[in-house]
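Okay, structure first, notes after.
Note that the structure is predicted; figures quoted are calculated from it, not measured.
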Amino acid sequence: MCPYRLVLEHLTSRWGVLVLIELLERPYRFSELRRAIGRVSEKMLTQTLQTLERDGLVHRDAKPVIPPRVDYSLTDLGREAAQQVRALAVWTEQRMDAVQQARDAYDAAKRHR
């Protein structure tokens, strides 16, 4: 797989999109981010954050305190990517009626074949 396609896959994955959009608002601790996203397993969120960190999009700040505190935030590169992903998410929300109409027309045409 081409390297840019792999990064695109990370950015547009189900959880990647949601993580990036949430982190645009502010840094989060792991548990806060998990609650904000909702319905994501701990394992999946961990994998998504690690992938985005490896790609240079997310910064992980582990503070040496007890209990341990880890904050996640966007890097400059991550903020740039997240803004693009958020724009696509906003467009999708705004155009959902048109998408649903297209789906309905497609399904109706398919039934009549």
Side-chain angles (χ1 to χ4, degrees):
M1 184 176 272
C2 295
Y4 80 90
R5 286 187 182 183
L6 193 55
V7 172
L8 185 60
E9 185 177 301
H10 298 162
L11 290 171
T12 60
S13 71
R14 177 180 183 182
W15 303 117
V17 166
L18 297 175
V19 165
L20 290 169
I21 290 172
E22 282 298 327
L23 289 177
L24 259 176
E25 300 306 316
R26 65 178 177 87
Y28 278 88
R29 293 178 73 174
F30 184 88
S31 56
E32 290 178 311
L33 185 58
R34 188 169 178 218
R35 279 191 302 274
I37 291 172
R39 296 176 40 160
V40 60
S41 70
E42 188 172 319
K43 178 183 176 186
M44 205 60 236
L45 182 55
T46 298
Q47 287 176 349
T48 300
L49 287 165
Q50 287 173 346
T51 298
L52 295 173
E53 182 183 9
R54 183 171 183 257
D55 288 343
L57 306 173
V58 168
H59 174 70
R60 181 180 184 272
D61 183 20
K63 296 187 177 30
V65 295
I66 297 176
R69 180 183 174 113
V70 180
D71 292 310
Y72 294 92
S73 60
L74 293 175
T75 63
D76 289 342
L77 187 62
R79 181 162 298 287
E80 186 180 339
Q83 289 167 341
Q84 299 299 316
V85 169
R86 182 175 59 184
L88 181 59
V90 167
W91 176 88
T92 304
E93 185 178 1
Q94 291 172 344
R95 301 300 290 157
M96 199 57 219
D97 287 343
V99 170
Q100 189 59 53
Q101 288 174 4
R103 287 177 174 177
D104 293 344
Y106 177 89
D107 292 346
K110 195 163 184 158
R111 280 192 297 272
H112 293 97
R113 289 184 190 163

- Measuring from Y72:OH to E53:CD, what's the distance to the nearest 0.5 Å? 7.0 Å
- Separation between CZ of R5 and OG1 of T12, rounded to the nearest 0.5 Å: 12.5 Å
- Task: Kindly indicate, with the supporting measurements, whether the criterion side-chain contact (heavy atoms from CB on, under 4.5 Å) is fulfilled by Q50 and R54.
- Result: CA-CA 6 Å; Q50 287 173 346; R54 183 171 183 257; over 6 Å; no
- So with a 6.0 Å cut-off around CD of E93, is the heavy-atom count from everything else above 12? no
- Step through the shown structure and confirm whether more than 12 heavy atoms of other residues, nucleotides or ligands are within 6.0 Å of CG on D76. no
- Task: Measure the spacing between NE2 of H59 and CG of L49 and express it to the nearest 0.5 Å.
- Result: 12.5 Å
- Message: Could you check whether R35 pairs with E22 (Lys NZ or Arg NE/NH1/NH2 to Asp/Glu carboxylate O, under 4.0 Å)?
- Response: no
- Query: What are the two closest non-hydrogen atoms of L11 and V85, and how far apart are they?
  - Reply: O-CG2, 4.1 Å
- Task: Indicate the atoms forming the closest heavy-atom contact of W15 with G38, along with that distance.
- Result: CZ3-O, 3.8 Å
- Working for side-chain contact (heavy atoms from CB on, under 4.5 Å), residues R86 and L24: CA-CA 9 Å; R86 182 175 59 184; L24 259 176; 3.6 Å; yes
- Are V40 and V70 joined in one hydrophobic group, where the rule is that I, L, V, M, F, W and Y side chains link up if heavy atoms are under 4.5 Å apart? yes
- Query: Name the one of T51, D55, T48 that satisfies side-chain hydrogen bond (donor to acceptor under 3.5 Å, both in side chains) with H10?
  - Reply: D55
- Query: Any chance the side chains of D97 and Q101 put a donor and an acceptor closer than 3.5 Å?
  - Reply: no
- Query: Taking all non-hydrogen atoms of both residues, which atom of L57 and which atom of A81 are closest, and how far apart?
  - Reply: CD2-CB, 4.3 Å
- R60 and A62 have their tightest heavy-atom pair at NH1-CB, 3.7 Å
- Query: In terms of hydrophobic clustering (I, L, V, M, F, W, Y; side-chain heavy atoms under 4.5 Å; direct or indirect links), are L77 and L20 co-clustered?
  - Reply: yes
- Query: Would you say F30 and L33 make side-chain contact, with heavy atoms under 4.5 Å?
  - Reply: no
- Taking all non-hydrogen atoms of both residues, which atom of R14 and which atom of R39 are closest, and how far apart? NH2-NH2, 4.4 Å
- Query: Is a donor on one side and an acceptor on the other found under 3.5 Å between the side chain of E32 and the backbone of R29?
  - Reply: yes
- L23 and R79: which non-hydrogen atoms are nearest, and at how many Å? O-NH2, 4.2 Å
- Can R69 and D71 be said to form a salt bridge (Lys or Arg N to Asp or Glu O under 4.0 Å), step by step? CA-CA 7 Å; R69 180 183 174 113; D71 292 310; 3.1 Å; yes
- K63, NZ: over 12 other non-hydrogen atoms inside 6.0 angstrom: yes
- N/O donor-acceptor pair under 3.5 Å between T75 side chain and G56 backbone: yes
- Take atom CD in Q47; do more than 12 heavy atoms of anything else shown fall under 6.0 Å from it? yes
- Once you round to the nearest 0.5 Å, how far does OH of Y4 lie from CD of E9? 12.5 Å
- Task: List the steps and the verdict of side-chain contact (heavy atoms from CB on, under 4.5 Å) for I37 and L45.
- Result: CA-CA 9 Å; I37 291 172; L45 182 55; 4.1 Å; yes
- Item | Gap separating the CE atom of M44 from the OG atom of S13, nearest 0.5 angstrom | 6.5 Å
